Amino acid sequence: MSLHLEHLNPEQLAAVTLPEGHALILAGAGSGKTRVLTTRIAWLLREGSLSPAGVLAVTFTNKAAREMLTRLTAMLAVNPRGMWIGTFHGLCNRMLRAHHQEAGLPRSFQILDSQDQLAAVKRLLRSMNADEDRFPPRDLQYFIMGKKEEGLRAGGVPLTDETTRRNVELYAAYDEQCRREGVVDFAELLLRSYELLSRNEPLREHYRARFRHVLVDEFQDTNRLQYRWLKLLAGPGASLFAVGDDDQSIYAFRGANVGNMADFERDYRIAKVIRLEQNYRSHGNILDAANALIAHNAKRLGKNLWTASGAGEPLRVFEAQSDADEARWMVEEIRALKREGTRLDQIAVLYRSNAQSRVLEHSLFSASLPYRVYGGLRFFERAEVKHALAYLRLMASPADDNAFLRVVNFPTRGIGARSVEGLQDAAKAGGRNLYETALASPGKAAPFVALIEALREECAGLTLAEQVELVVARSGLLTHYKSEREGADRIENLNELVNAAAAFDSEERAAEAGEDMDPLTAFLTHAALEAGEHQAGEGQDALQLMTMHSAKGLEFDAVFVSGLEEGLFPHEQSLLDRDGPEEERRLMYVALTRARQRLYLSFAQTRMLHGQTRYNLPSRFLDEIPQGLLKWLTPRFAEKRKPVSNFTAGSFTRAPKRDPRFGGAPAGTGGAPGAYRIGQNVSHAKFGAGVIVDAEGQGTDARVQVNFGRQGVKWLAVAVAKLQAA
DNA sequence: CTGAGAATGATTTTT
DNA sequence: TCATTCTCAG
């Protein structure tokens, strides 16, 4: 077993070889975090009396868990199978499957993903005759998820106001519905597992005795419940080893609590936090920029990245006339990079929101540059795949009303809304699930029930893949999509589902589900917990397009950080939140630290958003990077903001209609000299630099709306405000 | 049940 | 702008 400890730097080595006890590792971007985590496990196994069964390592994504397992397999002589390595959800699922009885769950409980959960919430609201307009299903879903992630059941939520009281009532009803139907949502996996451990002492002691070392990756992303789960599981004799980077905490909006890091330090009396600050990824200028930027955040544990490699190139900055102009420029730069020998899959274009990819895709398509967009629907989330899975779920778990309703009339078989409502009423009256009800008095649903019954019988003795194949064919899904114009892709996905089942059958089953679980339930669990790839075509040499969020954990030779405009990035919505601006800055930090050698920053004066032209100011983040690190490819905006002359109050002209041939830039036919023009840069004594975004009124009543970026968007009376052209 | 047209609303996202 | 979701006529 070769750990290559000699290749570790002193801090990495210190982290890897820490004696028993709790530890907090502050691991900067590109500092070899995964390596430390895996080498630590290997070292513990080699040095101590620890056996693989004593290790529990938890990550957030399946990808990270796989990566860890792969590296360990390469490093170790022992079979890593005995370890518990997985995501929070995967490990909780594993525990709940093993103790489903103690946890109060049916053997083949099904897992609701967010889509399923929303459907369940909608159905609940309808069955309780709730006013969907006053109580949007999404809000309730968010409420329930949030409370569960705080570790609260309906009974434990303080009733602060009328809305909360109502939500709590619905939360309780939702949990009851889930119980009846034998399903659990994502947050429930964690909460149920937590409750099981806290309630059941023998079980808790069993696991505590077993897991001597608990290791957590991306600790800054844990929510309150996850931290409590860890604390419960890591008993008095165990060591909790947490690795994280508070500067890369970008998921507060979905419940992550960076505060867990400081809490951990205090709760476990961590004497010395180990900082991994040597970066093995980026050139010096990139790190200097990132360090300077993140220094603007007040709430930090503190850390400064450095590199032993050289300063490298300056960061290139481009100011575009418009979003289309920005895209054209990127295409040119990418072509140049390609000519110089950079592979396309080593170049990433990052943006704040998915909507920004459209213009870019348009340009790339015209330029015939192959690209791959991350985001969007994943394999197991596609409608046709979910339909097929619903049939399978109903076979495995007839109480699953969600699954029943999804496919009872898909493909259509004459069971309309009427019949379904009748069934739902009868089910409610009889206190039974829909499938049982339909089985007892079939009515219009007779063909459907007969189909499911027949499928169940015919599946006996078949392999998993054969079962899936049979269901896809006999359900009528294949026929249905064959007759559809755009059905080819969907049919391909259904075939792919059969392949996935075959692959799962042979390889993954034992690993994921464990011992005595039936293959079908194991596969359905796999589908729920691992939504699969976003898009096929991985491994082809294509440009990588993604949000800055999805880029976390990745690295590229060259990175474009686009749309650096106030309102877009930092996003205007984020400014409403108290901690929003700091989280946006951390996101920028993540974006910058993705680049190995070359980093481009760009922004546009004009951008199409929601069907409207927006005039944004350059992002504050550009000001927060030392100018000496930047190389402006266009004149630096600050230099152009010299006052020319005072405007005279009175006239303005609407910006002339933009000509698409000029990339949406003002066509330059402006109004009279001294007139206000929409899109005009101005400056104000108090608010500073701004852009005119709208105007109204005439003469002395004339008012203009000016976007002052971080100072906000304001209407100003032209006669009063002394605006200067800038 | 289907398709057309209206209404709606639009950061970020893994499990 | 544009994709999704809803409503209503046929």
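This is a predicted model, so every value here is computed, not measured. Sequence lines set the chain letters: A, B, ... in the order given, protein chains first and strands last, and positions in each chain run from 1.
- Counting only distance, with no hydrogens or angles, the side chain of R352(A) and the backbone of M548(A) share no donor-acceptor pair below 3.5 Å.
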Do D175(A) and K148(A) pass the salt bridge (Lys or Arg N to Asp or Glu O under 4.0 Å) test, and can you show the C-alpha distance, the side-chain angles, and the key distance before you say yes or no?
CA-CA 11 Å; D175(A) 264 3; K148(A) 286 190 180 182; 3.2 Å; yes
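- With 3.5 Å as the limit, one finds no donor-acceptor pair spanning the side chains of Q117(A) and Q115(A).
- Checking Q110(A) against S397(A) by side-chain atom types alone, no donor-acceptor pair falls below 3.5 Å.
- Going from the C1' atom of dT14(B) to that of dA3(C) covers 23 Å, rounded to whole Å.
- For the 3.5 Å distance criterion, the side chains of Y589(A) and N297(A) fail to qualify, holding no donor opposite an acceptor.
- To the nearest angstrom, P of dT15(B) lies 19 Å from CD of Q110(A).
- When the C1' atom is used for both dT11(B) and dC6(C), the distance is 25 Å, rounded to whole Å.
- To the nearest whole angstrom, the two P atoms, one in dT13(B) and one in dT4(C), are 16 Å apart.
- For an aromatic pair to be called close, the ring centres must be under 6.0 Å apart, and F404(A) with F448(A) satisfies this.
- Side-chain atoms of M608(A) lie closest to dT1(C) of the nucleotides dC1(B), dT1(C), dC2(C).
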For V258(A) and D579(A), what are the C-alpha separation, side-chain angles and deciding distance, and is it a side-chain contact (heavy atoms from CB on, under 4.5 Å)?
CA-CA 11 Å; V258(A) 211; D579(A) 299 322; over 6 Å; no
Close N or O pairs between protein and nucleotides 8-10 of chain C (under 3.5 Å):
none

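- Using a 3.5 Å distance cut-off with no hydrogens or angles, the side chains of N402(A) and R123(A) do pair a donor with an acceptor.
- Between the CG atom of L609(A) and the C1' atom of dA3(C) there is a distance of 14 Å, given to the nearest Å.
- Residue contacts shown for F60(A) are limited to sugar-phosphate atoms, with no base heavy atom under 4.0 Å away.
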Reading 5' to 3' through nucleotides 4-13 of chain B, protein heavy-atom contacts under 4.0 Å coded B for base, S for sugar-phosphate only, - for none
------BBBB
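- Dashed line: the shortest gap from a side-chain N or O of N409(A) to OP1 or OP2 of dC1(B) is under 4.0 Å.
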